[in-house]
Amino acid sequence: MKIVNFGSLNLDYIYRVEHIGGQGETLAASSRDVFCGGKGLNQSIALARAGAKVYHAGCIGEDGSMLLTALEEAGVDCTHVRTLEGPSGHAVIQVEDSGQNAILLFGGANQTMTSGFVDEVLGVFDAGDILLLQNEINLLSEIVDKAYARGLKIALNPSPYNDRLQDVDLNKISIFLLNEVEGEQMTGEREPANILQKLTEQYSGAEIVLTLGEAGALYGCGQRVCRQEAYSVQAVDTTGAGDTFTGYFLASLTEGREIPDCLRLAAKAASIAVTRSGAAPSIPLRAEAELF
Ligand code: RIB
């Protein structure tokens with residue numbers, strides 16, 4: 001069984017600010033860093049650091065060599081990462097003193113997938129393999145349809161949640177991994193328990209992993225519900241914490257571990273990630289997460 005993550009790769013421009021700027025406001029940043037990010041790249045690195053064998057598929061621009069290097073150094077198979085003319089995707093991220101963020105995305109090369117590339121990538125994966133997706137690349141519905149037809153098991157992080165997801169046949173998804181904001185956008189419910197109930201009813205048979213920040217996480221599948229408490233840490237930067245949780249949860253699940261164990265390890269890894277700056281650089285190694 002192989003894991004392929006068809007996902008975004010972004011250069012993250014991270015600005016530290018006292019508070020996240022509002023409409024019409026001009027803010028001075030106290031620092032700027034450029035880190036590797038993108039929900040796709042972060043989740044591939046989290047999978048790899050958790051010990052899983054993962055193949056990343058996606059596109060970068062001519063300015064994206066540091067993204068490729070970061071994936072390779074983490075041990076991700078980059079056979080299906082293409083370098084194209086034009087800019088890579090990037091994100092402008094404000095991080096305030098509480099560690100919370102606001103993210104502005106520019107799609108760049110992440111929005112240049114073609115049907116031919118989708119066929120080429122999916123052609124080397126088979127029934128039973130796992131496909132991980134987020135919502136930062138184009139052709140998502142086509143990728144879901146083609147992967148489902150080949151018998152791949154599809155895990156979706158519906159983030160960012162927007163109208164484009166309405167074109168995707170979500171009945172083909174086996175595992176949803178999302179936060180409470182995306183949960184509310186999908187269901188109209190605010191209470192985590194209600195979000196979980198609606199999703200498990202609507203997508204019966206699918207596994208739902210709902211991350212709740214400082215309140216931990218919930219897992220639901222059919223009538224089964226598991227709760228995971230968060231670990232108490234001093235947050236520095238929450239960027240990429242959800243991606244860390246996703247990668248660690250999936251890696252543990254594919255090892256055949258019990259759901260409470262998968263949730264516990266993912267929560268530990270995500271808790272470590274929020275104590276560090278940046279998305280990809282904040283993702284811990286497996287040994288660190290185990291010892292936490
Ligand atoms: O989930 C965090 C990520 O969202 C950042 O790395 C940024 O690139 C955006 O994709």
Side-chain angles (χ1 to χ4, degrees), residues 5-17 20 32-49 56-61 63-64 66-71 74 76 81 87-96 99-113 132-138 140 155-162 164-165 176-183 185 209-213 217 235-250 266 269-284:
N5 180 9
F6 215 136
S8 58
L9 306 104
N10 289 336
L11 295 163
D12 283 357
Y13 295 87
I14 302 203
Y15 298 86
R16 288 224 70 112
V17 288
I20 288 165
R32 190 199 79 159
D33 289 295
V34 185
F35 290 130
C36 294
K39 295 180 199 307
L41 176 145
N42 299 337
Q43 292 174 23
S44 281
I45 289 183
L47 277 156
R49 292 201 177 141
H56 192 94
C59 296
I60 54 175
D63 55 356
M66 75 184 266
L67 302 170
L68 192 55
T69 303
L71 285 174
V76 176
V81 177
S88 300
H90 76 250
V92 174
I93 305 179
Q94 299 175 59
V95 179
E96 66 177 19
Q100 297 302 319
N101 63 27
I103 301 179
L104 175 68
L105 282 177
F106 171 74
N110 296 315
Q111 297 297 322
T112 63
M113 309 301 145
L132 173 60
L133 295 167
Q134 312 77 30
N135 187 28
E136 289 187 342
I137 58 170
N138 64 318
L140 202 64
L156 174 68
N157 169 219
S159 179
Y161 188 84
N162 58 32
R164 284 164 63 168
L165 282 167
F176 291 89
L177 305 114
L178 69 171
N179 65 24
E180 71 263 54
V181 175
E182 293 136 9
Q185 290 168 316
V209 181
L210 183 64
T211 57
L212 306 169
V236 170
D237 181 357
T238 56
T239 313
D243 300 329
T244 303
F245 194 106
T246 291
Y248 264 84
F249 180 87
L250 267 188
S271 297
I272 295 171
V274 304
T275 66
R276 300 170 177 171
S277 280
S282 72
I283 301 167

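All values reported here derive from a predicted model rather than from experimental measurement. Count residues from 1 along the sequence. Ligands are counted one by one from 1 in listed order, and the atoms in each one are counted from 1 as well.
Looking at Ile45 and Leu47, their side chains never come closer than 4.5 Å, going by heavy atoms from C-beta outward. Ser277 is listed as a side-chain neighbour of Arg16, based on a closest heavy-atom distance under 4.5 Å.
With no hydrogens or angles considered, no side-chain donor-acceptor pair links Ser8 and Asn10 at under 3.5 Å.
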Would Asn179 and Thr211 count as a side chain to side chain donor-acceptor pair (under 3.5 Å) if you check the C-alpha gap in whole Å, the side-chain angles of each, and the deciding distance to 0.1 Å?
CA-CA 5 Å; Asn179 65 24; Thr211 57; 5.4 Å; no

Start with the C-alpha gap between Asn135 and Asn162, add the side-chain angles, then the distance that decides, and say whether side chain to side chain donor-acceptor pair (under 3.5 Å) holds.
CA-CA 8 Å; Asn135 187 28; Asn162 58 32; 2.9 Å; yes

Where does ligand 1 get N/O contacts under 3.5 Å from the protein, atom by atom?
residue	atom	partner	partner atom	Å
ligand 1	1 (O)	Lys39	NZ	2.9
ligand 1	1 (O)	Asp243	OD2	2.7
ligand 1	4 (O)	Lys39	NZ	3.0
ligand 1	6 (O)	Asp12	OD2	2.6
ligand 1	6 (O)	Gly38	N	3.0
ligand 1	6 (O)	Asn42	ND2	3.1
ligand 1	8 (O)	Asn10	ND2	3.0
ligand 1	8 (O)	Asp12	OD1	2.6
ligand 1	8 (O)	Gly38	N	2.9
ligand 1	10 (O)	Asn10	ND2	3.2
ligand 1	10 (O)	Lys39	N	3.3
ligand 1	10 (O)	Glu136	OE1	3.0
ligand 1	10 (O)	Glu136	OE2	2.7

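Residues passing the ring-ring contact (aromatic ring centres under 6.0 Å, His included) test with Phe245, sequence neighbours excluded: none.
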